[in-house]
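Numbering of ligands and ligand atoms starts at 1, following listing order. Note that the coordinates shown come from a computational prediction; the quantities given were computed from them, not determined experimentally.
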Amino acid sequence: MATGSLYRFGVSLEKELIDRFDEAITQRKYANRSEAIRDLIRDSLVQRQWAENDEVAGAITLLYDHHAHGLSARLMHIEHDFTNVIVSSQHIHLDHDNCLEIVAVKGRARRVRKLSCTLKAIKGIKHVTLNTTATGRTLK
Ligand code: NI
């Protein structure tokens, strides 16, 4: 396949499976099957990049109570140890007690996961998520 050109291929599937797929893509408002399949392929390529410790990107969200003893200092200490993968972070004061922090990350998948796990393990942190995506260089 030449770069930038479209390549068509046929796929044989059980009727029940394609019916369920069509139902799912209708609910998700895809224009057609091709769009839905493209997304699935991209998702699987991104997952593979994470599994193979490639250069990836993503965002870690943290929810915590800034009154929790020593938590803010511990958090900052860890973030300073991971400057090789942290691109930026945004702190949002949700209310009097709760803080939401969004940490944009880019780097080797294993290092990013290590950061996410280290943050998750901080005592007093209420919730941590890791959103996994790619750097975009290898995805069309
Ligand atoms: Ni805050």
Side-chain angles (χ1 to χ4, degrees):
M1 178 189 156
T3 308
S5 68
L6 287 176
Y7 182 86
R8 280 179 189 276
F9 64 100
V11 180
S12 303
L13 292 174
E14 290 79 9
K15 168 101 174 71
E16 195 193 326
L17 191 58
I18 197 68
D19 285 348
R20 286 171 58 195
F21 185 64
D22 283 344
E23 207 180 291
I25 67 178
T26 303
Q27 281 172 1
R28 290 180 200 171
K29 311 289 181 204
Y30 280 108
N32 52 53
R33 280 182 192 155
S34 291
E35 274 303 317
I37 290 168
R38 250 177 240 135
D39 252 12
L40 287 174
I41 292 172
R42 287 190 197 108
D43 273 350
S44 117
L45 292 174
V46 170
Q47 275 179 35
R48 203 166 150 220
Q49 289 182 353
W50 278 82
E52 294 182 348
N53 196 31
D54 282 351
E55 171 101 348
V56 295
I60 299 170
T61 66
L62 312 159
L63 176 68
Y64 62 94
D65 182 339
H66 69 100
H67 295 116
H69 183 70
L71 198 153
S72 298
R74 180 91 191 103
L75 187 59
M76 199 170 295
H77 184 79
I78 290 167
E79 290 185 8
H80 275 267
D81 282 344
F82 284 84
T83 51
N84 59 337
V85 288
I86 296 177
V87 180
S88 77
S89 64
Q90 184 178 20
H91 183 109
I92 298 122
H93 309 302
L94 290 177
D95 57 34
H96 183 72
D97 306 310
N98 293 294
C99 302
L100 173 68
E101 198 159 307
I102 305 164
V103 182
V105 288
K106 185 183 157 202
R108 290 279 169 187
R110 206 171 293 149
R111 185 76 181 148
V112 172
R113 279 202 196 284
K114 173 105 195 256
L115 169 61
S116 176
C117 291
T118 307
L119 294 170
K120 216 172 252 191
I122 300 175
K123 200 175 165 224
I125 286 258
K126 289 184 177 179
H127 192 231
V128 176
T129 64
L130 170 61
N131 284 277
T132 57
T133 188
T135 60
R137 284 179 301 171
T138 54
L139 280 187
K140 293 278 174 211

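Note on ring orientation: taking the six-membered ring where Trp is involved, the planes of His96 and His67 are tilted (angle from 30° to 60°).
With a 4.5 Å cut-off between side-chain heavy atoms of Ile, Leu, Val, Met, Phe, Trp and Tyr, the cluster of Leu63 takes in Ile92, Leu94, Leu100, Ile102.
With a 6.0 Å cutoff to the six-membered ring centre and a 45° limit on the axis angle, Arg111 counts as a cation-pi contact of Phe82.
Linking ILVMFWY side-chain heavy atoms closer than 4.5 Å, directly or via other members, places Val85 and Met76 in two distinct hydrophobic clusters.
Checking Asp97 against His66 by side-chain atom types alone, no donor-acceptor pair falls below 3.5 Å.
Using a 4.0 Å cut-off between charged side-chain N and carboxylate O, Glu35 and Arg38 make a salt bridge.
Around the Ni ion (ligand 1), protein N, O or S atoms at less than 2.8 Å comprise His91 NE2, His93 ND1, Cys99 SG.
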